[in-house]
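Counting starts at 1 for both ligands and their atoms, following the listed order. In this text, all values refer to a predicted model and were calculated from it rather than measured experimentally.
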Amino acid sequence: MFQTPSTYLDLPEAFWQRQQAEPVRDPDMLLWNEALAKELAIERLPDAVWGGSETPEAADPFAQAYAGHQFGHFTMLGDGRALVLGEHVAPDGRRVDLQLKGSGQTPFSRRGDGRAALEPMLREYLISEALHALGIPSTRSLAVVSTGEPVYREEVLPGAVLTRVAASHIRVGTFEFAAQSGEEYLQALLDYSIQRHAPEAAEAADPALAFLRSCLQKQAKLIADWMGVGFVHGVMNTDNMALSGESIDFGPCAFMDRYDPATVFSSIDSQGRYAYGNQPRMAHWNLAVLASALLPLVQGDAEAEATAVLNEFPQAFQSAWRQKLAAKLGVLDPTPEDDELLQGFLDTLHTEKLDFTRAFLDLESDPPDVLQDWMQAWSRRVDSPDAARERMRLVNPVVIPRNHQVEAALHAAGEGKMKPFHELLAALQQPFDPALLQSPFAEAPAAGTPKAVTFCGT
Ligand code: AMP
Ligand code: MG
């Protein structure tokens with residue numbers, strides 16, 4: 001591990017700051033992702049390393065500089081409580097960042113303490129691993145180490161450090177930072193990002209535009225993936241959109257139970273900016289910020305060229321979403337003519353206040369009366385209802401991270417009882433297993449369960 005110096009350090013110095021983690025009192029491994037470690041051939045170093053108390057000799061850790069639009073407002077940011085410990089090349093050639101989160105203050109901490117509380121780190125572990133198991137690109141969680149130190153929020157909480165594994169941590173906000181710094185910085189970041197995430201763009205007539213298009217396609221697909229499982233990211237600020245196309249930053253995210261496009265969980269999102277059904281529009285908005293950062297590198301009539309690429313987003317998303325919904329409903333080879341049928345299903349869920357995840361499963365076995373009319377149209381469209389149901393079983397999850405179950409598992413963990421967390425995690429790692437249909441983890445919340453409220457920056 002750390003067999004190569006981090007390639008990120010080849011970027012101009014403005015992009016990073018060498019920084020050691022702040023040692024913690026009593027680093028103790030709570031979770032270690034053995035399957036991920038094996039897959040990537042990552043060695044289980046002592047707990048003190050993953051807790052930030054000890055730096056392996058070959059590592060050269062650094063904090064990354066970036067900016068971002070948070071709820072529409074531009075700010076200079078940077079890793080205020082995280083460090084890239086190093087890059088690692090897996091046996092299959094994939095390069096990943098190993099990042100410690102909660103590792104202490106950095107030059108970017110502003111007024112923050114650089115620390116993370118245990119529950120939000122366990123939450124990130126659970127959700128990122130659940131998304132991965134659902135087949136959705138996501139940063140991963142390798143380890144959670146408790147620090148033996150308190151962190152001070154509105155209350156005193158136990159502290160922890162999470163190790164995040166990511167294809168990179170380049171964000172829309174990294175390009176905003178580069179654009180502020182000047183054209184040579186922008187060019188360096190573009191070249192680096194192309195090499196790491198879109199090598200084919202290097203050969204294009206206009207690499208900046210080709211890179212933008214590649215990011216756009218990844219985001220269109222990612223948002224369709226999210227919406228296909230009812231995922232609400234909750235804080236799609238430009239600093240929280242990774243250009244690798246992986247889901248990142250799980251502060252206030254949550255999964256929708258009853259279908260409603262206006263669903264919001266985050267305590268601070270009072271306008272519904274990042275509501276379930278607004279996510280495509282917000283991804284498009286973020287891509288527009290990326291496009292304007294890239295403008296100096298676009299050839300010809302840069303504004304017109306970049307706008308033309310950006311205008312591809314609605315269709316790219318619509319097409320990805322149509323594919324997703326059609327697959328969830330067992331419909332083969334969907335075309336725009338199917339949109340009415342597909343949307344009709346969602347409209348029924350909305351008016352009848354049905355649970356999103358259960359509705360697809362019930363269609364496979366026991367559809368409610370309110371779906372009868374819709375099912376007649378559906379039966380005429382699919383090759384055979386039985387064949388369609390066979391296909392649906394493979395793509396519709398039985399288990400998603402339900403808020404009431406996540407909260408219960410985290411609450412128990414906060415009291416030192418990890419068993420419920422491990423049981424939930426085990427179910428989330430097999431989300432399509434039909435045997436789980438009978439499990440409590442497949443149950444929608446009881447009527448009258450209050451909607452979850454989630455928080456950022458914890
Ligand atoms: P997030 O809401 O996690 O995307 O964080 C937004 C910004 O705030 C990032 O620059 C973080 O590094 C920074 N930040 C969040 N929490 C802390 C903290 N406890 N100490 C220092 N910086 C933080
Ligand atoms: Mg963030």
| query | Any side-chain heavy atom of Val161 sitting closer than 4.5 Å to one from Val144? | reply |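 They are not in contact (no side-chain heavy atoms under 4.5 Å apart), so the answer is no.
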| said: Quick one, Lys328 and Pro397 - any side-chain contact, counting heavy atoms below 4.5 Å? | reply: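 Sidechains of Pro397 and Lys328: in contact.
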Would you check the N or O atoms of [X], main chain and side chain alike, for any that come under 3.5 Å of an N or O of ligand 1?
| X | value |
| --- | --- |
| Asp79 | no |
| Asn240 | yes |
| Gly80 | yes |
| Gly78 | yes |

Would you mind listing which atoms of ligand 1 come within a distance below 4.0 Å of any non-hydrogen atom of [X]?
| X | answer |
| --- | --- |
| Gly114 | 18 (C), 19 (N), 20 (N), 21 (C) |
| Arg115 | 19 (N) |
| Ser109 | 21 (C), 22 (N) |
| Arg153 | 19 (N) |
| Gly112 | 20 (N), 21 (C) |

Under a heavy-atom criterion of less than 4.0 Å, does [X] contact ligand 1?
| X | result |
| --- | --- |
| Tyr66 | yes |
| Gly251 | no |
| Arg110 | yes |

Contacts of [X] that satisfy ring-ring contact (aromatic ring centres under 6.0 Å, His included) - sequence neighbours left out:
| X | value |
| --- | --- |
| Tyr125 | none |
| Phe231 | Trp226, Phe255 |
| His69 | Phe74, Trp285 |

Which word best sums up how the rings of [X] and [Y] line up, parallel for under 30°, tilted for 30 to 60°, or perpendicular for over 60°?
| X | Y | result |
| --- | --- | --- |
| Tyr192 | Tyr8 | perpendicular |
| Tyr259 | Tyr276 | perpendicular |
| Phe313 | His284 | parallel |

| message | With a 4.0 Å cut-off on N to O distance, would you call Arg196 and Asp97 a salt bridge? | response |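 Counted as a salt bridge, because a side-chain N and a carboxylate O are separated by less than 4.0 Å.
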| So, are Asp92 and Arg94 salt-bridged, with charged N and O less than 4.0 Å apart? |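 Arg94 and Asp92: salt-bridged.
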| Atom pair OG/CG of Ser168 and Leu243 - distance to nearest 0.5 Å |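 Going from the OG atom of Ser168 to the CG atom of Leu243 covers 7.0 Å.
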| said: Please identify which of these residues, Val264, Asn240, Val232, Asn237, meets the side chain to side chain contact (heavy atoms under 4.5 Å, CB included) condition with Tyr274. | reply: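 Among Val264, Asn240, Val232, Asn237, the one meeting side chain to side chain contact (heavy atoms under 4.5 Å, CB included) with Tyr274 is Asn237.
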| task | Report, as a single number, the protein N, O or S atoms less than 2.8 Å from the Mg ion (ligand 2). | result |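 Count of protein N, O, S atoms less than 2.8 Å from the Mg ion (ligand 2): 2.
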